[in-house]
Novice: 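First, the structure itself, so that you have it in front of you.
FYI, side chains are in, hydrogens and waters are out, and symmetry mates aren't considered; it's all heavy atoms of this structure. Convention: sequence-line order gives letters A, B, ...; per-chain numbering from 1. Just so it is clear, the structure is predicted and the values come from calculations on it, not from any experiment.
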Amino acid sequence: MLSIKRIQKEAGEIIERLKVRNFDGSEIIGQVIDQDKKRRGILQDTEKKKAELNRLSTDIGNLFREKKNDEAKQTKEKTGKLKEEIKKLDKEVGEIENKLNDLLIQIPNIPHSSVPAGNSEGDNEEIRTGGEFPELPGDALPHWELAVKYDIIDFELGNKITGAGFPVYKGKGAKLQRALINFFLDEGTKAGYLEVQPPVVVNEDSGYGTGQLPDKDGQMYYIQTDNLYLIPTAEVPVTNMYRNVILDAEELPVKNIAYTLCFRREAGSYGKDVRGLNRLHQFDKVEIVQIQHPGKSYETLEEMTVHIEGLVQKLGLPYRIMRLCGGDLSFTSALTYDFEVFSAAQKKWLEVSSVSNFESFQSNRLKLRYKEKGEKKTNIAHTLNGSALALPRILAALLENNQTPGGIMIPEILRPYTGFDIITRNP
RNA sequence: GGAGAAAUGGCAGAGUGGUCGAAUGCGGCGGUCUUGAAAACCGUUGUCCGUUUACGCGGACCGGGGGUUCGAAUCCCUCUUUCUCCGCCA
């Protein structure tokens, strides 16, 4: 969320910049400013009364000690009314704070100045492209047919044991998946990321911390008995490791990489684009997360983009990098680059990574701060994350783009991980 | 799952109703001493909020929430977590 202080200082500019994401913030920001002013007024009143009560209490203690019991009793009588008033004012402040919080969580992050205006995907801006489009024969198969032909992914079996969107990977399919995970993790650790294995189930506080709650409540699987959520991305547990933490400035940037399962209900996305591996309820993903000094977070975003680009290049996939327009930008992000690879048999661009700078939007809520050496003041850090990479669509593109009459060729770089260089019908 | 114990500052650890934001030790930071370092000694050392040009002043926080009291780290309720023992188990 945005900080109240920033809203007070830059209200006009914020309203202006939120227009890029087609968000009219004028009314809500006005309300925030009003409520905050009201809050501070009452707070001052409350604190004055509390100070008075504290003084009386100290007096009473002293009087008892000096055996002036009568005087103490008299003083005691003065406190009753004061206490009542304090109770009432405290309640008022609490109510206003709740209201303020409700307002604040409705305001999305401020888009970076480079974010183009626009309503949807079509308005995203292409930044770079790379890789070669494969020359496939006319009878090239989409990956869901290759999966059957080579018996490497079983969608039917997944339907049977769980439901749609939960495939079973088999044989070389499973091994290829495992190879990709290890490859991505190794590349990340080489680039200085610390590997972590977080829980894939998180509590409510963590959901709020990174902004999945209350916004995307219905998109997460929820375990009612224990009031826990299955994570939609490793971003949630990894970033929340730093909830309520004050880092030393020298520790920045913090770089973590995590492989986890991800679970998404994908409510409301039935129909198109859900065939095969294109959209799953459970999938594997390697995620990179950084915590950075505010002055350096955009440099870091570029660095992460280059890292991800390197992965796609090493896998030999044709790709393009898109800068998301205001309308396509997620609620919490200030700037996002999407990576898409071309899956040549279905002739589709598939999103395989999304790398974002959240600036202080998550950190404000997380209370994630850092402190310069020798300074007393704490500052809000910036958080960033990106997929590096999401597995299923990479797998889809690899299968489709590398199919040959003799089998599916494994990219050179993965062969040390798979132990085989081709997927054939008879393993 | 059953029985019991506990949760205090970066860490260790005192504190069972009043000047306790909290003793003491360690660590950290600054200084004296030293060619340099160590040791020793002296000082300092939490976070958030409000207010103030500033010095400062005020409020809140001893796992979370609620309560009793003029006054709570201390008493009561509740939740969470940790430890010990028993049971079950990858």
Side-chain angles (χ1 to χ4, degrees), chain A residues 1-9 32-101 103-104 197-209 213 223-229 237 240-252 254 261 291 360 362-381:
Chain A
M1 66 175 92
L2 301 177
S3 73
I4 291 182
K5 278 190 180 147
R6 183 159 178 202
I7 291 175
Q8 283 168 344
K9 253 188 270 170
V32 167
I33 291 171
D34 286 350
Q35 290 296 320
D36 184 55
K37 201 169 165 194
K38 197 169 154 198
R39 175 188 140 255
R40 294 205 317 273
I42 298 174
L43 192 64
Q44 277 175 52
D45 206 10
T46 314
E47 288 183 351
K48 238 181 261 164
K49 290 195 158 72
K50 282 185 180 171
E52 172 69 15
L53 183 64
N54 285 345
R55 208 162 12 194
L56 290 176
S57 295
T58 312
D59 287 350
I60 292 168
N62 287 336
L63 290 170
F64 273 127
R65 210 165 301 115
E66 292 160 21
K67 305 271 189 244
K68 296 178 182 165
N69 289 11
D70 286 349
E71 247 179 276
K73 216 171 167 187
Q74 273 174 13
T75 312
K76 226 181 196 175
E77 278 160 17
K78 290 192 222 165
T79 62
K81 198 176 150 217
L82 208 50
K83 273 184 71 172
E84 247 171 69
E85 287 170 345
I86 289 170
K87 205 168 179 180
K88 187 171 144 262
L89 290 170
D90 263 343
K91 204 177 143 207
E92 267 178 66
V93 171
E95 279 164 9
I96 293 172
E97 279 174 353
N98 286 341
K99 210 184 284 178
L100 254 175
N101 195 50
L103 291 170
L104 283 172
Q197 283 188 7
V200 297
V201 182
V202 296
N203 59 29
E204 222 175 343
D205 284 349
S206 296
Y208 277 99
L213 293 174
I223 303 167
Q224 198 164 22
T225 329
D226 298 296
N227 194 28
L228 298 170
Y229 295 84
N240 271 285
M241 297 195 303
Y242 301 92
R243 172 152 43 89
N244 252 314
V245 166
I246 301 173
L247 296 160
D248 289 331
E250 305 100 90
E251 294 177 71
L252 301 176
V254 170
L261 288 171
I291 299 165
S360 56
Q362 289 183 330
S363 316
N364 272 324
R365 206 181 292 192
L366 288 163
K367 293 191 171 62
L368 165 50
R369 291 159 291 173
Y370 70 95
K371 201 189 269 190
E372 294 291 347
K373 201 182 170 98
E375 279 190 27
K376 278 201 138 181
K377 201 165 85 52
T378 59
N379 306 292
I380 297 288

Novice: Quick one: on RNA chain B, does A:Arg65 or A:Gln44 contact a more 5' nucleotide (nearest heavy atom)?
Specialist: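 Per heavy-atom nearest nucleotide, the more 5' residue is A:Arg65.
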
Novice: Rounded to whole angstrom, note down the P distance from B:rU16 over to B:rC75.
Specialist: 9 Å

Novice: What's the CG-C1' distance between A:Leu247 and B:rU47, to the nearest Å?
Specialist: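 Interatomic distance, CG of A:Leu247 to C1' of B:rU47: 15 Å.
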
Novice: Expressed in angstrom and rounded to an integer, what is the separation of A:Lys5 atom NZ from B:rC49 atom C1'?
Specialist: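 Spelled out: NZ on A:Lys5 to C1' on B:rC49 is 8 Å.
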
Novice: Going by side-chain hydrogen bond (donor to acceptor under 3.5 Å, both in side chains), name the residues that satisfy it together with A:Lys91, two or more places apart in sequence or in a different chain.
Specialist: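 side-chain hydrogen bond (donor to acceptor under 3.5 Å, both in side chains) list for A:Lys91, sorted by chain: empty.
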
Novice: What is the distance, to the nearest angstrom, from the NZ atom on A:Lys376 to the C1' atom on B:rC49?
Specialist: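 Rounding to the nearest Å, NZ of A:Lys376 and C1' of B:rC49 are 16 Å apart.
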
Novice: If we count only N and O atoms by modelled type, under 3.5 Å, do the side chains of A:Arg243 and A:Ser206 hold a donor and an acceptor together?
Specialist: yes

Novice: Say we look at B:rA37 and B:rU32: how far apart would their P atoms be, to the nearest angstrom?
Specialist: 11 Å

Novice: To the nearest angstrom, how far is A:Asn244 atom CG from B:rG46 atom C1'?
Specialist: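 Taking atom C1' of B:rG46 as the reference, CG of A:Asn244 is at 13 Å.
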
Novice: With sequence neighbours excluded, tell me which residues meet side-chain hydrogen bond (donor to acceptor under 3.5 Å, both in side chains) with A:Asp205.
Specialist: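 Here no residue qualifies.
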
Novice: Contact class for A:Thr378 vs. all strands (heavy atom < 4.0 Å): base, sugar-phosphate, or nothing?
Specialist: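 Here A:Thr378 touches the backbone only, sparing every base.
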
Novice: So, using ring-ring contact (aromatic ring centres under 6.0 Å, His included) as the criterion, who are the partners of A:Tyr229 when residues are at least two apart?
Specialist: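 So A:Tyr229 forms a ring-ring contact (aromatic ring centres under 6.0 Å, His included) with A:Tyr222.
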
Novice: What's the gap between B:rG65 and B:rU74 when it is taken at their P atoms, as a whole Å value?
Specialist: 13 Å

Novice: Base, sugar-phosphate, or nothing for A:Lys371, non-hydrogen atoms under 4.0 angstrom?
Specialist: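 Sugar-phosphate, no base atom in range.
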
Novice: Return all side-chain donor-acceptor pairs below 3.5 angstrom for residues 54-61 of chain A, not counting sequence neighbours, or 'none' if the list is empty.
Specialist:
residue: A:Arg55; atom: NH2; partner: A:Glu52; partner atom: OE1; Å: 2.7
residue: A:Ser57; atom: OG; partner: A:Leu53; partner atom: O; Å: 3.1
residue: A:Thr58; atom: OG1; partner: A:Asn54; partner atom: O; Å: 2.8

Novice: What integer number of Å spans the P atoms of B:rC57 and B:rU45?
Specialist: 14 Å

Novice: Within this structure, what is the NZ-to-C1' distance between A:Lys377 and B:rC48, rounded to whole angstrom?
Specialist: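 Atom NZ in A:Lys377 sits about 14 Å away from atom C1' in B:rC48.
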
Novice: Using the P atom on both, measure B:rU82 against B:rG27 and round to a whole Å.
Specialist: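 These two P atoms come out 31 Å apart once rounded.
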
Novice: Going 5' to 3' through nucleotides 56-78 of chain B, assign each nucleotide B (protein heavy atom under 4.0 Å from a base atom), S (under 4.0 Å only from sugar-phosphate atoms) or - (no protein heavy atom that close).
Specialist: --BSS---------BS-------

Novice: Please state how far atom CG in A:Leu228 lies from atom C1' in B:rU80, giving the value in whole angstrom units.
Specialist: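 A:Leu228 atom CG is separated from B:rU80 atom C1' by 13 Å.
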
Novice: How many angstroms lie between CG in A:Asn101 and NZ in A:Lys99, if you round to the nearest 0.5 Å?
Specialist: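 If we round to the nearest 0.5 Å, A:Asn101:CG and A:Lys99:NZ are 13.0 Å apart.
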
Novice: Could I get the full list of side-chain hydrogen bond (donor to acceptor under 3.5 Å, both in side chains) partners for A:Asp90, not counting sequence neighbours?
Specialist: A:Lys50

